[in-house]
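Okay, structure first, notes after.
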Number of protein chains: 2
Amino acid sequence: MSQMPVNKRHRASRDSERTRAALLATGTEIFAELGFDGAKVGAIAERAGVNKAMINYHFGGKQGLYTAILETTFAEANSALSVLRGRAESADELLRRFVEVWAGIAERRPAFPAMVLREVLSGGRHMDQRVLPSFLGLFEHVREVVERGVREGTFRPVNPLLTHLALVGSLVFFFATRSFRERLIREGKLPAAIPDTAGFVRHVQELTTRGLAREGSP
Amino acid sequence: MSQMPVNKRHRASRDSERTRAALLATGTEIFAELGFDGAKVGAIAERAGVNKAMINYHFGGKQGLYTAILETTFAEANSALSVLRGRAESADELLRRFVEVWAGIAERRPAFPAMVLREVLSGGRHMDQRVLPSFLGLFEHVREVVERGVREGTFRPVNPLLTHLALVGSLVFFFATRSFRERLIREGKLPAAIPDTAGFVRHVQELTTRGLAREGSP
DNA sequence: GTCTATAGGCTGATAGAC
DNA sequence: GTCTATCAGCCTATAGAC
């Protein structure tokens, strides 16, 4: 794959780092927008203001750039979600926080929900082995909280995986479809008001905590 | 676009219809699996057991085939969901039925959830003008029911669009990610049991109806 | 590290025989 | 309607100068 630069990145010049960073940032945008096959390395290089050949030099090719981007994106999301780990709050409260943190990630990194969705849709076709752990890590946060809530009796005895799929499905769908939805609304094709993130967060929080609550647990 | 065949389809031979049908069926599979850019017309023709040139003859090209597939897929889903329109059941019960009908569509047409997701992800980049109405139609069913439930006081005063996004997001995510999830579980990489559709349907039904219920309504 | 130029492969579409 | 043969364009990757 990438031969020299990976091993001597500590010696890399300031310009070199700038080139790498520009390719990572622009590549994230374009891969999220168009998918692996739709994204063209020429377009990435051009928008990044960098020579096309630099993708091969720094990342060993299109696939290498994509892998580097997935690693960065998923690792960052995992790290953001980890602030909830081992906290003392109630399972109910932790689930509310989870939704907020997730929304925060999606706001800061708009490409993240789309990348997740594209990967699961294509069955991980372009996902390197090394990325799988941090990808799967994304799906442990809900499970832990739900298991605790069920054990402590504040939640109904729900299946953690189903809970996770329903919750994350809502989140990922809301954020990944945002630009399309807002365009349709702006063009008058979808008769509704553009929903704001805070409102959606509250909606999902209420829906989830009420939906999971054991009767007589409010 | 497609010159003759569209106008004289009523005169088409049996073989011609078989060719068209094979391309539609196989194209649906492959487009859902790989997306518009990932799908190659050569692969579609080969798996369909049909000559590559037939895609251009019958559909005017790759884009034409894709448009025909979207039309068919969305129209069928809309028609299946329409059985719920104007029914006498409670809003609560209608929402439960909605989830069941949606799951039924996804079981019969596994490509449907993926096609919806790929389209919203790419901002409708490959969606023909003519398909937009039937696409938007997909998003009216929940709205009607929720508005009624809120009006009648069985639901909390929730935003119909947010409710729709959360509910359909859960559904589409569950079904579109199914094969990937099941593969990961089978390979032992995701420690969980493969969830069955019926269980997911019940989970979402409970989550939604409890989550939307006005306090002291059940 | 960065650039230009180009090789080499693949893809979608068409021409024309049957 | 269907098939074969083929073309033109695009896209990734590399060789080699600086």
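Within every chain, numbering begins at 1; the chains are lettered A, B, ... in the order of the sequence lines, protein sequences first and strands thereafter. Both backbone and side-chain heavy atoms feed into the values below; hydrogens, waters and symmetry mates do not.
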Rounded distance in Å - [atom1] ([X]) to [atom2] ([N]):
| X | N | atom1 | atom2 | answer |
| --- | --- | --- | --- | --- |
| B:Tyr66 | C:dG12 | OH | C1' | 17 Å |
| A:Phe59 | D:dT14 | CZ | P | 16 Å |
| B:Lys62 | C:dG12 | NZ | P | 4 Å |
| A:Ile55 | D:dA13 | CD1 | P | 9 Å |
| A:Asn56 | D:dA13 | CG | P | 5 Å |

Hey, are A:Glu93 and A:Arg97 close enough for a salt bridge, meaning a charged N less than 4.0 Å from a carboxylate O?
->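 Looking at A:Arg97 together with A:Glu93, the answer is yes, because their closest N to O distance falls below 4.0 Å.
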Any Lys/Arg nitrogen of B:Arg14 or B:Glu17 sitting under 4.0 Å from an Asp/Glu carboxylate oxygen of the other?
->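 No, B:Arg14 and B:Glu17 are not salt-bridged.
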Contact list for residues 175-184 of chain A, test side-chain hydrogen bond (donor to acceptor under 3.5 Å, both in side chains), sequence neighbours left out |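 Sorted result for residues 175-184 of chain A: A:Glu107-A:Arg178, A:Thr177-A:Arg181, A:Arg178-A:Glu182, A:Arg178-A:Thr197.
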Counterpart residues, side chain to side chain contact (heavy atoms under 4.5 Å, CB included), relative to B:Leu132 (two or more places apart) =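 With neighbours one apart ignored, the set is A:Leu184, A:Lys189, B:Met127, B:Phe135, B:Leu136.
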Who passes side chain to side chain contact (heavy atoms under 4.5 Å, CB included) against A:Ala77, sequence neighbours left out?
->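 A:Ala77: side chain to side chain contact (heavy atoms under 4.5 Å, CB included) contacts with A:Ile105, A:Phe112, A:Leu138.
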Give the table of side-chain donor-acceptor pairs shorter than 3.5 Å for residues 25-37 of chain A, with sequence neighbours excluded, one pair per line with atom names and distance.
from: A:Thr26; atom 1: OG1; to: A:Ala22; atom 2: O; distance (Å): 2.9
from: A:Thr28; atom 1: OG1; to: A:Leu24; atom 2: O; distance (Å): 2.5
from: A:Glu29; atom 1: OE1; to: A:Arg47; atom 2: NH1; distance (Å): 2.6

Identified side-chain contact (heavy atoms from CB on, under 4.5 Å) counterpart of B:Phe98 within the set B:Thr208, B:Val204, B:Leu171 |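 Looking at B:Thr208, B:Val204, B:Leu171, the match for B:Phe98 under the side-chain contact (heavy atoms from CB on, under 4.5 Å) is B:Leu171.
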For DNA chain D, what residues of residues 23-47 of chain A have any heavy atom nearer than 4.0 Å?
->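 By residue number: A:Ala39, A:Lys40, A:Val41, A:Gly42.
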Flag yes if more than 12 heavy atoms outside A:Gln129 fall under 6.0 Å of its CD atom; otherwise flag no.
->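 For A:Gln129, atom CD is not crowded (no more than 12 foreign heavy atoms under 6.0 Å).
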Close N/O contacts between protein and nucleotides 2-6 of chain C (under 3.5 Å):
from: C:dT2; atom 1: OP1; to: A:Asp15; atom 2: O; distance (Å): 3.4
from: C:dT2; atom 1: OP1; to: A:Thr19; atom 2: OG1; distance (Å): 2.8
from: C:dT2; atom 1: OP2; to: A:Thr19; atom 2: OG1; distance (Å): 3.4
from: C:dT2; atom 1: OP2; to: A:His58; atom 2: NE2; distance (Å): 2.9
from: C:dC3; atom 1: OP2; to: A:Asn51; atom 2: N; distance (Å): 3.3
from: C:dT4; atom 1: OP2; to: A:Asn51; atom 2: ND2; distance (Å): 3.4

